[in-house]
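To start, the structure itself, in structure tokens.
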Number of protein chains: 2
Amino acid sequence: MDQPRYLRLAALIRRQIVTGELAAGTRLPARQDLAAEHGVAEGVVREAIRQLAQEGHVVSRPGAGVFVRERPTARRIVRSWYRERRAGSPFAAALLEQGSRGGWMYESATIQAPPEVRTRLALDEPSGDASDVMHTRYVFTGDDQPWMLSDSYEPLSLTKGTIAAFPEDGPLAGRGVTHRMAEIGVLVDDWVEDVTARPAAPGEAKALGIAPGSIVLTVARTYLADGRPVEVADIVIPAETSVLGYSGPVGDRVEEWADISAR
Amino acid sequence: MDQPRYLRLAALIRRQIVTGELAAGTRLPARQDLAAEHGVAEGVVREAIRQLAQEGHVVSRPGAGVFVRERPTARRIVRSWYRERRAGSPFAAALLEQGSRGGWMYESATIQAPPEVRTRLALDEPSGDASDVMHTRYVFTGDDQPWMLSDSYEPLSLTKGTIAAFPEDGPLAGRGVTHRMAEIGVLVDDWVEDVTARPAAPGEAKALGIAPGSIVLTVARTYLADGRPVEVADIVIPAETSVLGYSGPVGDRVEEWADISAR
DNA sequence: TCGAATTTGTGCGTATGTATC
DNA sequence: GGATACATACGCACAAATTCG
């Protein structure tokens, strides 16, 4: 056994946690006590705790102590539900237990699309510094808790001057992209989502009420109408408490060791 | 400014990196030098570096130094490609640039399914300690680099005694779940994938050749035949270098602020 | 080929600030 | 308000990996 002391100590405590010997909510002994108990320096305990905190096993509160984490049950966020509504599906049950829908806050402004968004929306070169997209920033809440951030971009060339211009204003408020676009004759028929994960940026962590640096899932969504992108959104969701659910028919699916394409 | 010193130092270096002042590949000054240069203790530098490393801005190699990270371009792993083959799609181009397919290693064994897998496969109570699933562990490689792990479970009740029993043996080797199942009359028609992310477990980090604790995407996949699960797999992919691509028709899709269901 | 210098990873002990109880 | 506990900070030391002459 050639492992650093702090990893051995972390492994020891981790075992106690996963076996239930240390129940959720339990407070660990103070750093000094743990250090004395195991005959190591305080710094070793600190590193061990840090390790366990990063793994999500414990959470430390200044002045109070280090506590075994209550594991919040993850919510399954349905991103596509091909056939999942079908009776008899093992997943139909889950759909019946839908939680409260909660609400959302937003802020809209017309801006000039940043380069990355330009690419995704297939926009032409910007003309001067004229605004060319409607940018809407959402914070979704459920149970009085923020659980998802979204930055949406829609080309003004589509919506300008129509009743669909402002996503959350006018008669179509809150109807969603696809409905709103339909009202102005743009038929959104495809969606594409690119999913990955990264540490939360400080601002995101604050907005979501999670620890800075904790993991978030990011979804880069594109809505297409007849093959052309008509809306893109950058969605950020805490990974710890969320699972994204996708489904589809096997016929349209690639072999299970998926093909790779350069991005 | 009320921030801890190590965060201020991290912010300072981060700014130099994102502005390009410190180019990718550049070596940072040694800990002691940075400490002296900024008039702080070595520990402060250590914390700052740790912070930047967690954000993925730098990578440290023992004995060598701390280097500004080369940003590997992420691969887009297509998990469903509804209509993406269609010509004219903005994503069709990506599909043409398919990389080398690489290969995979595997290891199969019959085991008694662990509780979590039992649930997902809707298996009955275990009878004694009899094996009831075929467990296959995959390591997928591309460009001589592991990039995906997968643990697959198939009920023996379906495949036992057939030519499809061993996923990677016999005439159907390497044909994939859906083809193999089809050969024994099981028509896989649906798939469901639950995506989330977490820090890599030590074993996973080692198998994938990534830093321990770095972020991995996990995909819990289920293949269904006529609504019944016939295979489940736990897939692990480094988040840093990968994007999972999903797509589908809008008609089957829920409003964009997705419904939530308890898991 | 080999050894010396450099650099990170780890560990020790201590002290102060600040949040919690 | 006092005691407790974590977050941060200081300074030092040694082992192992790497680099380079």
Side-chain angles (χ1 to χ4, degrees), chain A residues 1-13 17 22 25-70 202 205-206 209-214, chain B residues 1-13 22 25-70 199 202 205-206 209-214:
Chain A
M1 223 24 134
D2 200 37
Q3 273 202 319
R5 295 186 189 181
Y6 77 96
L7 284 183
R8 281 206 299 255
L9 177 55
L12 194 152
I13 300 174
I17 293 174
L22 283 171
T26 311
R27 209 198 91 203
L28 298 189
R31 267 195 335 214
Q32 287 195 340
D33 299 344
L34 275 175
E37 187 180 330
H38 295 91
V40 296
E42 243 189 89
V44 173
V45 178
R46 177 169 157 261
E47 288 302 306
I49 299 293
R50 180 205 294 282
Q51 180 70 26
L52 293 170
Q54 208 205 0
E55 294 166 8
H57 287 301
V58 301
V59 59
S60 59
R61 292 189 295 139
V66 178
F67 298 85
V68 177
R69 196 119 175 283
E70 310 277 357
K206 201 173 167 199
I210 58 180
S214 51
Chain B
M1 219 29 128
D2 200 38
Q3 275 202 320
R5 294 185 189 180
Y6 76 97
L7 285 183
R8 281 207 298 254
L9 178 55
L12 194 152
I13 300 173
L22 284 171
T26 311
R27 210 200 86 203
L28 298 189
R31 245 175 18 192
Q32 287 193 340
D33 299 344
L34 275 175
E37 187 180 329
H38 294 91
V40 296
E42 250 189 79
V44 173
V45 177
R46 177 166 158 260
E47 287 303 306
I49 298 294
R50 181 205 294 281
Q51 180 72 25
L52 293 170
Q54 208 206 358
E55 293 167 8
H57 287 299
V58 302
V59 58
S60 58
R61 291 190 295 139
V66 177
F67 299 84
V68 178
R69 196 123 176 281
E70 310 278 358
K206 200 172 169 202
I210 59 180
S214 51

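Below, chain A is the first sequence line, B the second, and so on; all start at residue 1.
Taking 4.0 angstrom as the limit, A/Ser60 places none of its side-chain polar atoms (N or O) nearer than this to OP1 or OP2 of D/dA5. Here B/Tyr6 does not reach the OP1 or OP2 of D/dA9: none of its side-chain N or O atoms lies under 4.0 Å away. B/Arg46 has no side-chain polar atom (N or O) that falls below the 4.0 Å cut-off from OP1 or OP2 of D/dA9.
Between A/Leu34 and A/Pro29 the shortest heavy-atom distance is CD1-O, 3.6 Å.
In this structure, A/Glu37 places its CD atom where more than 12 heavy-atom neighbours from other residues, nucleotides or ligands lie under 6.0 Å away.
In this structure, the side chain of A/Arg8 engages the main chain of A/Gln3 through a donor-acceptor pair within 3.5 Å.
Taking atom CZ on A/Phe67 and atom P on D/dA5, their separation rounds to 10 Å, with Å as the unit. One atom, CZ of A/Arg61, and another, C1' of C/dC21, lie 10 Å apart when rounded to the nearest Å. If you measure from atom CZ of B/Arg5 to atom C1' of C/dG17, you get 12 Å, rounded to the nearest angstrom.
At the heavy-atom level, B/Gly43 lies nowhere under 4.0 Å from the strands shown.
Between the base of D/dA7 and the side chain of A/Arg31 there is a donor-acceptor pair shorter than 3.5 Å.
If you find the closest nucleotide of DNA chain D to A/Gly63 and to A/Glu42, the one lying nearer the 5' end belongs to A/Gly63.
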